[in-house]
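Throughout, a chain's letter reflects where its sequence line sits, starting with A, and its residues are numbered from 1. Just so it is clear, the values below take in all heavy atoms, side chains as well, and ignore hydrogens, waters and symmetry mates. Computed from a prediction, not measured in an experiment: that's the story for all the values here.
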Number of protein chains: 2
Amino acid sequence: MEPVRPKASAAPGFGRMTCLCSPEGNPVAVKLVDVARQAGVSPSTVSYVLSGNRPISEETRRRVEQAIADLGFKPHAGARSIRRQATNVIAMVLPMLEDGQRAVQMQFVFAVLAAARAQGRNLLLATAEDGVAEIHNLVDSAMVDGVIAMEIQVHDPRVPVLKELNRPAVLIGTPEDPEQLVHVDFDFAAAGAMCVRHLHDLGHRHIGWLGQSADTYAREAGYALRARDGALSAMAECGLPRVWSPMTATPAGAAEAIEDVFGQDPELTGLVVYNEQALPFVLSRLREIGREVPGRMSILAICPDDLAEHMVPAVSDVALPADELGRLAFERLAALIDGRAQPVSTLLEPRLNRRGSAGPPPR
Amino acid sequence: MEPVRPKASAAPGFGRMTCLCSPEGNPVAVKLVDVARQAGVSPSTVSYVLSGNRPISEETRRRVEQAIADLGFKPHAGARSIRRQATNVIAMVLPMLEDGQRAVQMQFVFAVLAAARAQGRNLLLATAEDGVAEIHNLVDSAMVDGVIAMEIQVHDPRVPVLKELNRPAVLIGTPEDPEQLVHVDFDFAAAGAMCVRHLHDLGHRHIGWLGQSADTYAREAGYALRARDGALSAMAECGLPRVWSPMTATPAGAAEAIEDVFGQDPELTGLVVYNEQALPFVLSRLREIGREVPGRMSILAICPDDLAEHMVPAVSDVALPADELGRLAFERLAALIDGRAQPVSTLLEPRLNRRGSAGPPPR
DNA sequence: TTGAAAGCGTTACCAT
DNA sequence: ATGGTAACGCTTTCAA
């Protein structure tokens with residue numbers, strides 16, 4: 001029984017297009033059999049040269065590699081993914097955030113992207129807004145080998161989905177019940193406590209916390225809650241009153257929050273600010289009300305280093321290590337995909353950068 | 001000749017994993033033939049129900065859809081991409097930018113992502129740092145149906161690559177020689193000119209331009225060059241001297257740039273600021289040197305609306321319509337993928353939001 | 001309106 | 001060390 005239809009490689013439709021041109025003049029995809037023919041070997045040999053799964057003689061390898069280069073052959077990713085169990089693509093699930101968080105978010109994405117590309121893996125973006133169904137789709141249709149979910153909230157609907165996934169998943173952030181899901185996070189509680197203790201060590205006995213917007217707490221963003229509670233616990237342990245206020249990132253919001261904490265403790269001499277967007281407004285406001293930094297008010301911030309560095313005066317800060325977290329999340333995921341067990345929980349420790357915005361309290 | 005090895009679906013290895021469980025208890029991928037069997041139809045019928053490429057009786061369709069739902073079947077994307085000419089995935093090529101640009105960049109990514117997801121397409125991220133070879137890889141290995149490249153520079157090495165691609169590509173930004181590549185951009189020249197003319201209309205005859213960092217101009221970033229040159233041309237057309245300075249986004253940088261433009265024209269009464277990061281520092285500095293806004297100095301900014309709105313005083317601005325540009329870029333690409341010809345060039349017109357930071361010059 | 005079967009491009013098993 | 005060939009899971013032509 002001879003095949004009735006023309007051999008595919010003789011007139012191969014209009015698939016991928018690379019170097020070769022058909023007699024008609026339109027560009028045409030180069031495939032593995034074309035390479036095999038050109039090199040005078042069998043298709044399986046070409047495949048083995050590509051995968052390195054079998055010893056190949058030096059001479060044959062040379063001829064095959066030459067043919068690949070000459071024809072500009074690139075293996076078809078889809079075809080490959082049928083036989084291999086992997087696509088070399090991972091997904092990253094982003095929440096749709098308010099404008100203020102975009103810069104941080106991009107930092108995470110870049111960190112993961114850079115780490116993935118360094119290993120030759122590709123990164124697909126998904127949004128949480130698609131609903132958790134989208135995560136299932138990407139995995140069940142075998143588009144991705146694993147998933148990184150970022151901005152995990154305390155009660156996050158994505159967590160149970162990822163748990164049931166049958167594909168590796170890594171969380172950036174800490175849910176209330178991780179259920180054995182591998183996750184990496186910054187130790188926000190330690191960061192908050194570290195700031196309070198630093199002021200306490202300098203001699204401050206009246207310390208306040210200026211946090212994120214009220215609705216950030218309302219939606220139970222893990223980082224906001226944990227940082228604040230770490231700070232409040234440290235205050236309590238130091239025998240200080242727990243003074244704090246949420247803060248909207250506007251000049252008026254900063255003024256209001258400052259008034260709020262002064263209302264709670266009129267003798268405040270130290271403030272910890274965990275609100276990147278509002279930090280400049282806090283400094284302006286303190287200047288306005290005659291509390292110059294650090295002479296009459298000591299300030300610490302949890303914010304990116306470059307932001308803290310450019311304030312006037314430069315602000316001592318604890319920075320979220322987003323690059324490191326992103327890289328670490330990818331490494332965990334890559335390891336899981338390769339079948340290597342990973343620690344369920346990893347917390348990165350905070351580090352304080354002194355820039356002179358915090359000194360001893362005024363006598 | 002009976003097949004020697006067991007039928008695949010009888011003991012189908014360990015492929016994708018969904019609802020079904022093998023006798024051994026491990027989860028197993030549901031495939032199209034499983035659906036066909038469950039519905040009592042042939043595989044081709046299931047395929048046609050999925051694709052809608054052939055009329056199906058109501059009764060059959062119902063049974064097939066029921067089986068798909070019952071088994072939780074999701075078509076294997078890779079297998080599908082072999083026969084179809086498409087993967088339903090597009091790539092977005094990002095440059096690795098300095099920190100300051102991250103927020104804007106994320107806005108573009110989100111806009112494209114949202115538009116793509118709304119059409120059921122997925123977004124793959126690539127970085128320019130991989131080198132242009134990576135673009136070729138993604139396309140030649142048939143991983144993506146098309147490419148969006150953002151932050152196109154005046155002389156951009158990606159442009160010739162995209163031109164040779166044999167797959168649709170859309171640029172966000174305008175290269176010197178678009179070579180018929182479809183591109184969308186904000187009319188930065190018009191934006192710059194609009195700001196200058198607005199001040200001129202208010203009666204200002206001494207206007208300066210405070211721009212991006214010197215190295216942004218050095219690497220010939222299209223947006224920086226075009227905005228500045230649009231402004232300088234407008235100054236010339238209004239018969240004014242062309243006064244401008246690059247500006248580093250630090251308090252010192254802002255002070256220096258302000259000194260620079262005052263050196264060029266000591267009678268300046270209006271300033272246009274195209275430097276999102278430095279805008280707060282410019283306002284602080286003007287306050288410091290006794291040029292309060294808008295009484296003794298009128299200010300216009302090219303920056304995001306929410307930033308301008310939160311300055312003290314709120315700053316009249318022209319905003320980069322990143323969301324619209326991202327959405328538009330995706331729509332152009334989707335249309336090209338679907339074979340519909342698109343306009344080569346699209347420029348979005350600037351719009352000025354008045355917030356009261358610009359008034360008549362002091363008499 | 002439906003089914004059978006021949007691909008799609010790559011991989012891996014079985015031979016030699 | 002290499003080749004032949006049957007999968008992989010889905011699509012589409014051809015036939016009924």
*Report which part of the nucleic acid B:S81 touches: base, sugar-phosphate, or nothing (heavy-atom distance under 4.0 Å, all strands).*
nothing

*Could you give the NE2-to-P distance, from B:H76 to D:dG9, as a whole number of Å?*
7 Å

_Spacing of B:R37 atom CZ relative to D:dG9 atom C1', expressed in whole Å_ = 13 Å

*asked:* Without decimals, in angstroms, what is the distance between A:Q85 CD and D:dA7 C1'?
replied: 13 Å

*B:R84 has an atom CZ; how far is it from atom C1' of D:dT11, in whole Å?*
8 Å

*Spacing of A:R80 atom CZ relative to D:dA7 atom P, expressed in whole Å*: 22 Å

_Stepwise salt bridge (charged side-chain N to carboxylate O under 4.0 Å, His left out) test for B:D338 and B:R121_ = CA-CA 13 Å; B:D338 295 346; B:R121 306 207 199 225; 3.4 Å; yes

_Side chains of B:S141 and A:H76: any donor to acceptor distance under 3.5 Å?_
no

*Give the rounded distance in Å between these two atoms: CD1 of B:I82 and C1' of C:dT11.*
11 Å

*For the base of C:dG7, is there a side-chain donor-acceptor partner from B:R83 under 3.5 Å away?*
yes

_Test applied, side-chain contact (heavy atoms from CB on, under 4.5 Å); reference residue, B:V184; option that passes from B:L171, B:L328, B:I148_ = B:L328

*Where along residues 41-56 of chain A does a heavy atom fall under 4.0 Å from DNA chain D?*
A:V41, A:S42, A:S44, A:T45, A:R54, A:P55, A:I56

*asked:* Can you identify which nucleotide, out of D:dG9, D:dT2, C:dG9, has its nearest atom closest to the B:K31 side chain?
replied: D:dG9

*Would you mind telling me which of B:V170, B:L333, B:V144 makes a side-chain contact (heavy atoms from CB on, under 4.5 Å) with B:I90?*
B:L333

*Between A:E58 and A:R62, is there a side-chain N and carboxylate O pair less than 4.0 Å apart?*
no

*asked:* What is the separation between atom CG on A:D34 and atom P on C:dG9, rounded to the nearest whole Å?
replied: 9 Å

*Side-chain donor-acceptor pair under 3.5 Å between B:T346 and B:R332, yes or no?*
yes

*Grab the CG-C1' distance between B:L32 and C:dC8 for me, whole Å please.*
15 Å

